[in-house]
Amino acid sequence: MDRVCAKCCFEEVEFPETESSSEVTWEQWKRVTSTNGERMFGNMVKQIYNGTIKELMELFSQKLESLAIHQFNWLHQAEQFRYLKQNITECEAVLHVDFSENYACKLSTEVQAFHFGGSRQQATIHTAVLYTVHGTKSYATLSDSLRHDERAVWAHLEPILGELRETFPQITTLHIQSDGPVTQYRNKNNFYLLSTVPFLSGFTKVTWNFSEKSHGKGAPDGIGGAIKREADRFVQRGGELQAPQQLYEMLNTRLGSSITHYWVNRESIEKYDELIPDNLEAVKGTFKIHQVWSSQPSQITHRTVSCFCRKTERSPCPCYKPVTVDLRVKRTVCNTENPPSSPPQQPREQENLDLCGKFVIVIYDEKPYVGQVLEDVGEEVQVNCMLQSGDKNLFVWPQTVDLIFYYRKDVHAVISEPEPATSRFSKLTLQDWVKFRNTSA
């Protein structure tokens, strides 16, 4: 499904025989960037395109490749989450979390001016569902702080984890499940807090698992809906909810609710600001990570999809090529399956530049080649080179891997990751293609 298998990656969709040069018209969504003074906006617009059937078939094949990866990740993550919840042991707990949309405080009667400016306060609601062998339990933490970053996340989790450890001290393994917004859960700061905070509460192993993009709905969303519905009913019956604290107090006095509520003040969030180092490095391939595993403080193991075949063991299984990262030191090992795109740089001007995982132009027998650095060892780098189609700006991974070591001085330039051009070939950006041609000359 990733289209990297040596046996089938060159296979293409078989279309019915037709006149490939015939003109057709199709509609396609595209992100259009506009500017207003110094500000830039990106809007999705449906546009009409004209071209040949051949061009449309190539576009379809290109879109199908990204859809295949998305489809696999979605089904795989859903299957793993289901397996995890159905096979919980006495020493494990699964916590499904999500931010609910902020609740706008309301009053039963309001003057017109209350609708404008900053008169209407908002309450942050973070929801969670806890799964153990003893059953499930729902939580909602509320705050008057509008922060939704990773520091706020752990402040909202703190009372829940404290109750969990106090109620079930035998639980030492925590599995967290969420969607994957980079501003909240899937980022280097959250990875660091994941590898430090739980160990302070007595956990010995913790994993964080992300659902596939656009497939993050779950039980926590129902908790947020139930809270807002109850708040609206309270206001309709003449109640007053002018501040987030009043919303929390109202929810705590409701009888028969199965949701446990906690209040999180601003000071609880701000204390987590001091836990993250200033020089924390980014984890390569963050956007493609779907599981982060930690059983040792300040050290994580991540991979592109989740796997729990050895969830009772302290170390993760070798499935799906896990990559171990020590967040306390500068890293030289990277996940070659998920290389980050990087802006063009000149490694000759930066001799200590870490090339691991980056795409480069290397010189061999006075000819340039495009490839990806798999290993950076002192004065040498191991590069997996692509095959150029004639003199065109088209490159493809060869069936026989072209993998050798080069001296660092033979690396001519660092380039961005080649962009898909057809279902098989990729192309360099205009700036990188100029560098490649100048090297050829």
Side-chain angles (χ1 to χ4, degrees), residues 80-100 124-143 148 150-179 184-185 189-211 218-224 226-227 248 251-252 257-265 267-269 271-272 275 291-298 300 306 308 311-314 316:
Q80 289 297 311
F81 295 160
R82 189 180 304 111
Y83 170 82
L84 178 62
K85 295 174 183 177
Q86 293 175 351
N87 295 273
I88 301 177
T89 63
E90 283 282 350
C91 63
E92 291 180 306
V94 178
L95 190 64
H96 192 175
V97 301
D98 193 12
F99 269 107
S100 181
T124 294
I125 304 175
H126 191 255
T127 56
V129 179
L130 178 67
Y131 300 85
T132 65
V133 292
H134 305 284
T136 62
K137 189 172 183 180
S138 301
Y139 295 90
T141 52
L142 293 85
S143 177
H148 286 201
E150 66 288 332
R151 297 104 187 267
V153 168
W154 283 98
H156 283 271
L157 292 180
E158 182 177 343
I160 301 176
L161 299 183
E163 178 188 320
L164 174 61
R165 288 291 297 154
E166 182 179 351
T167 308
F168 305 108
Q170 73 277 14
I171 294 180
T172 57
T173 298
L174 176 65
H175 302 285
I176 303 177
Q177 176 187 343
S178 73
D179 53 1
Q184 298 173 2
Y185 303 126
N189 293 332
N190 191 43
F191 297 162
Y192 180 80
L193 293 174
L194 171 72
S195 65
T196 54
V197 175
F199 298 104
L200 301 176
S201 302
F203 293 98
T204 59
K205 184 174 64 179
V206 58
T207 70
W208 197 302
N209 305 272
F210 304 102
S211 57
D221 295 280
I223 299 175
I227 289 177
Y248 168 72
L251 293 172
N252 260 353
S257 175
S258 60
I259 304 173
T260 301
H261 306 90
Y262 285 105
W263 177 257
V264 179
N265 55 43
E267 291 75 18
S268 299
I269 299 176
K271 74 178 183 179
Y272 283 93
L275 298 181
Q291 184 182 51
V292 181
W293 180 305
S294 181
S295 57
Q296 182 176 338
S298 300
I300 63 171
S306 298
F308 299 102
K311 65 186 182 70
T312 58
E313 300 181 12
R314 188 171 179 83

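Predicted model, so just to flag it, every value in this text is computed and none were measured.
Residues that satisfy the salt bridge (charged side-chain N to carboxylate O under 4.0 Å, His left out) test with K271, not counting sequence neighbours, are E158. Taking the salt bridge (charged side-chain N to carboxylate O under 4.0 Å, His left out) definition, one finds that R165 meets it with nothing, sequence neighbours left out. Scanning for ring pair (Phe, Tyr, Trp, His ring centres under 6.0 Å) contacts around F203 gives an empty result, with sequence neighbours left out. Among residues two or more places apart in sequence or in another chain, the salt bridge (charged side-chain N to carboxylate O under 4.0 Å, His left out) test is passed with K205 by none. With sequence neighbours excluded, the residues that form a ring pair (Phe, Tyr, Trp, His ring centres under 6.0 Å) with Y185 are W208.
Distance OG1/T260 to CG/L130: 10.0 Å, rounded to 0.5 Å. Summarising the geometry, atom CH2 belonging to W263 is positioned 9.0 Å from atom OH belonging to Y248; distances are rounded to the nearest 0.5 Å.
In terms of modelled atom types and a separation under 3.5 Å, the side chain of T141 and the main chain of H126 share a donor-acceptor contact. T196 contributes a side-chain N or O that, together with a main-chain N or O of L193, makes up a donor-acceptor pair within less than 3.5 Å. Without hydrogens or angle criteria, S268 side chain to A155 main chain gives no donor-acceptor distance under 3.5 Å. Within the 3.5 Å criterion, the main-chain N or O of V264 finds a donor-acceptor partner in the side chain of S143.
Side-chain contact between T124 and H156 is present, with heavy atoms from C-beta onward closer than 4.5 Å. Between F308 and Q291 there is a side-chain heavy-atom pair separated by less than 4.5 Å.
The side-chain hydrogen bond (donor to acceptor under 3.5 Å, both in side chains) contacts involving residues 88-100 comprise T89-E92, E92-H175, E92-K311, S100-K228, where partners must be two or more places apart or lie in separate chains.
Remark: the Q177 side chain and the N209 side chain contain no N/O donor-acceptor pair separated by less than 3.5 Å.
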